Colleague: 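Have a look at this one.
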Amino acid sequence: MAASLLALSPEVGMISPRTRGRMVLRLRAEGIRDERVLDAMNRVPRHRFVAQALAGRAYEPVSLPIGYGQTISQPWTVARMMEVILEGRDIPQRVLEIGTGSAYQTAVLAELGAEVFSIERIGPLQEMAEALLGRLSYRQVHLHHGDGSGGWPEKAPFDAIVITAAVPCALAPLYRQLRAGGRLVMPVEEGIEQHLQVSHWDGSTAQVILLGTCHFVPLLAGTVAVASGECVG
Ligand code: SAH
């Protein structure tokens with residue numbers, strides 16, 4: 001039933017570090033080159049971010065349901081998004097993430113050494129993320145329940161913004177929350193396709209680089225406050 005599927009994986013699981021190591025080897029074989037990203041993903045226990053029933057699949061190259069119709073992104077997608085915001089520069093100090101979801105990507109960002117500000121519109125997901133990141137002792141994260149479409153202006157400026165849900169257009173106002181030299185990575189909907197893109201913001205204009213097609217859940221307006229009995233799937 002939904003309630004037991006939503007129970008997150010226990011602290012001591014059957015997932016060995018070797019399984020995680022194999023995921024990292026696969027990411028390397030698939031072209032992920034940034035050792036900082038690979039190291040961070042080698043340290044984050046991804047199986048803890050999915051329901052117990054799915055823990056055995058956590059390191060497979062797939063996205064998985066996390067409840068409320070949402071998904072944890074597949075490892076390659078997380079790695080690629082991290083790689084493009086890091087490419088050719090130091091770890092961004094302050095990062096805004098829109099769409100906390102399972103908080104896996106939040107944890108990878110924190111593991112990289114960034115201070116992370118992350119917004120989630122679905123209350124129960126935000127609460128689970130808060131509890132899990134606390135149990136895993138991630139201190140440099142600030143989670144907020146709300147509609148992240150407008151960013152988090154009170155906490156700006158950021159060195160990078162990561163949007164983990166597909167946006168219908170490039171959300172240009174968010175550039176104003178980036179420092180000059182900052183980067184924004186997001187999936188943008190174009191017709192029936194989505195393209196992952198990274199924008200390099202110089203303080204007045206953005207250079208947009210297309211990274212290929214992708215598949216994300218949509219960015220939605222408003223918030224969801226309470227568990228509604230929706231099931232995982
Ligand atoms: N990186 C996350 C991705 C989760 S899916 C992970 O790997 O787990 C995208 C998330 O964005 C969902 O949890 C969804 O609820 C959230 N979301 C969608 N629209 C949003 C909005 N306007 N503001 C904040 N979060 C939003």
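All ligand and atom numbering here is 1-based and tracks the order in the structure. The structure presented is a predicted model; accordingly, all values stated were derived computationally and were not measured.
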Colleague: For ligand 1, note which part of I122 has a heavy atom under 4.0 Å away: side chain, backbone, both or neither.
Modeller: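 Only the side chain of I122 comes within reach of ligand 1.
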Colleague: Do you reckon I32 sits in the same ILVMFWY cluster as I209, going by side-chain contacts under 4.5 Å, direct or chained?
Modeller: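 I32 clusters together with I209.
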Colleague: For residues A110 and Y138, report the shortest heavy-atom separation together with the two atoms involved.
Modeller: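 Closest approach of A110 to Y138: CB-CD2, 3.7 Å.
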Colleague: Is the backbone N or O of E189 less than 3.5 Å from a side-chain atom of Q194, with the two atoms forming a donor-acceptor pair by type?
Modeller: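 Flag not set: sc Q194 to bb E189 has no pair under 3.5 Å.
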Colleague: Side chain, backbone, both or neither: which applies to V78 and ligand 1 if a contact is any heavy-atom pair less than 4.0 Å apart?
Modeller: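 Near ligand 1, V78 shows nothing, with every heavy atom at 4.0 Å or more.
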Colleague: Give the single entry among P187, A129, S102, G99 that approaches atom 6 (C) of ligand 1 most closely by any heavy atom.
Modeller: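 Going through P187, A129, S102, G99 one by one, S102 has the nearest heavy atom to atom 6 (C) of ligand 1.
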Colleague: Looking only at distances, please establish whether an N/O atom of ligand 1 is found under 3.5 Å from an N/O atom of V217.
Modeller: no
Colleague: Flag the pair R28 and E35 as a salt bridge only when some basic side-chain nitrogen lies within less than 4.0 angstrom of an acidic carboxylate oxygen.
Modeller: yes
Colleague: In terms of residue, atom name and distance, what is the protein heavy atom nearest to atom 7 (O) of ligand 1?
Modeller: S73 N, 3.0 Å
Colleague: With heavy-atom distances below 4.0 Å as the criterion, list the atoms of ligand 1 near L125.
Modeller: 13 (O)
Colleague: Look at ligand 1 and say whether T100 reaches it with a heavy atom at a distance under 4.0 Å.
Modeller: yes
Colleague: Locate the shortest heavy-atom distance separating L133 from A103; write the atom from each residue and the value.
Modeller: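 Answer, listing the atom of L133 first, then A103: CD1-CB, 3.9 Å.
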Colleague: Ignoring hydrogens and angles, state whether a donor on the side chain of T106 or E97 is under 3.5 Å from an acceptor on the partner side chain.
Modeller: yes
Colleague: Identify, by atom number and element, the atoms of ligand 1 in contact range of Q105, meaning under 4.0 Å from any of its heavy atoms.
Modeller: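 In order of numbering, the contacting atoms are 1 (N).
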Colleague: Would you say that P75 contacts L27 through its side chain, given a criterion of any heavy-atom pair below 4.5 Å between the two side chains?
Modeller: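 When only atoms from C-beta onward are counted, L27 and P75 do touch, with a gap below 4.5 Å.
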Colleague: Salt bridge or not for D159 and R179, using N-O below 4.0 Å?
Modeller: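 The answer is yes: the pair qualifies as a salt bridge.
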Colleague: Which atoms of ligand 1 sit under 4.0 Å from any heavy atom of P218?
Modeller: 18 (C)
Colleague: Which of the numbered atoms in ligand 1 are below 4.0 angstrom from a heavy atom of L219?
Modeller: 18 (C), 19 (N), 20 (C), 21 (C), 22 (N)
Colleague: Report yes if Y104 has an N/O atom closer than 3.5 Å to an N/O atom of ligand 1; otherwise report no.
Modeller: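 No.
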Colleague: Look at the aromatic rings of F117 and H142 and report parallel, tilted or perpendicular, splitting at 30° and 60°.
Modeller: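 Rings of F117 and H142: parallel, under 30°.
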Colleague: In the protein, which heavy atom is nearest to atom 16 (C) of ligand 1, and how far is it?
Modeller: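 Checked against all protein heavy atoms, atom 16 (C) of ligand 1 sits closest to E120 OE1, 3.4 Å.
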Colleague: For residues M82 and D34, determine if any side-chain heavy atom of one lies less than 4.5 Å from a side-chain heavy atom of the other.
Modeller: no
Colleague: Give me the nearest non-hydrogen protein atom to atom 5 (S) of ligand 1 as residue plus atom name, then the distance to 0.1 Å.
Modeller: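 The closest heavy atom on the protein side is T71 O, 3.1 Å.
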Colleague: If the cut-off is 4.0 Å to any non-hydrogen atom of G148, which atoms of ligand 1 fall inside it?
Modeller: 21 (C), 22 (N), 23 (N), 24 (C)
Colleague: For atom 17 (N) of ligand 1, tell me which residue out of M81, Q74, R121 has the closest non-hydrogen atom.
Modeller: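 The nearest heavy atom belongs to R121.
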Colleague: When the ring planes of H47 and Y59 are compared, do they come out parallel, tilted or perpendicular, using 30° and 60° as the limits?
Modeller: tilted
Colleague: State, with a plain yes or no, whether a side-chain heavy atom of L125 is found less than 4.5 Å away from one of Y68.
Modeller: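 Contact flag for L125/Y68 side chains = yes.
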Colleague: Could you tell me the residue and atom name of the protein heavy atom closest to atom 12 (C) of ligand 1, and the distance to it rounded to 0.1 Å?
Modeller: Q70 OE1, 3.3 Å
Colleague: Distance under 4.0 Å to a non-hydrogen atom of D147: what atoms of ligand 1 satisfy this?
Modeller: 21 (C), 22 (N), 23 (N)
Colleague: Should L220 be counted as touching ligand 1, given the test is an N or O pair under 3.5 Å?
Modeller: yes
Colleague: Does G146 have a non-hydrogen atom less than 4.0 Å from ligand 1?
Modeller: yes
Colleague: At what distance is the nearest protein heavy atom to atom 9 (C) of ligand 1, and which residue and atom is it?
Modeller: T164 O, 3.4 Å
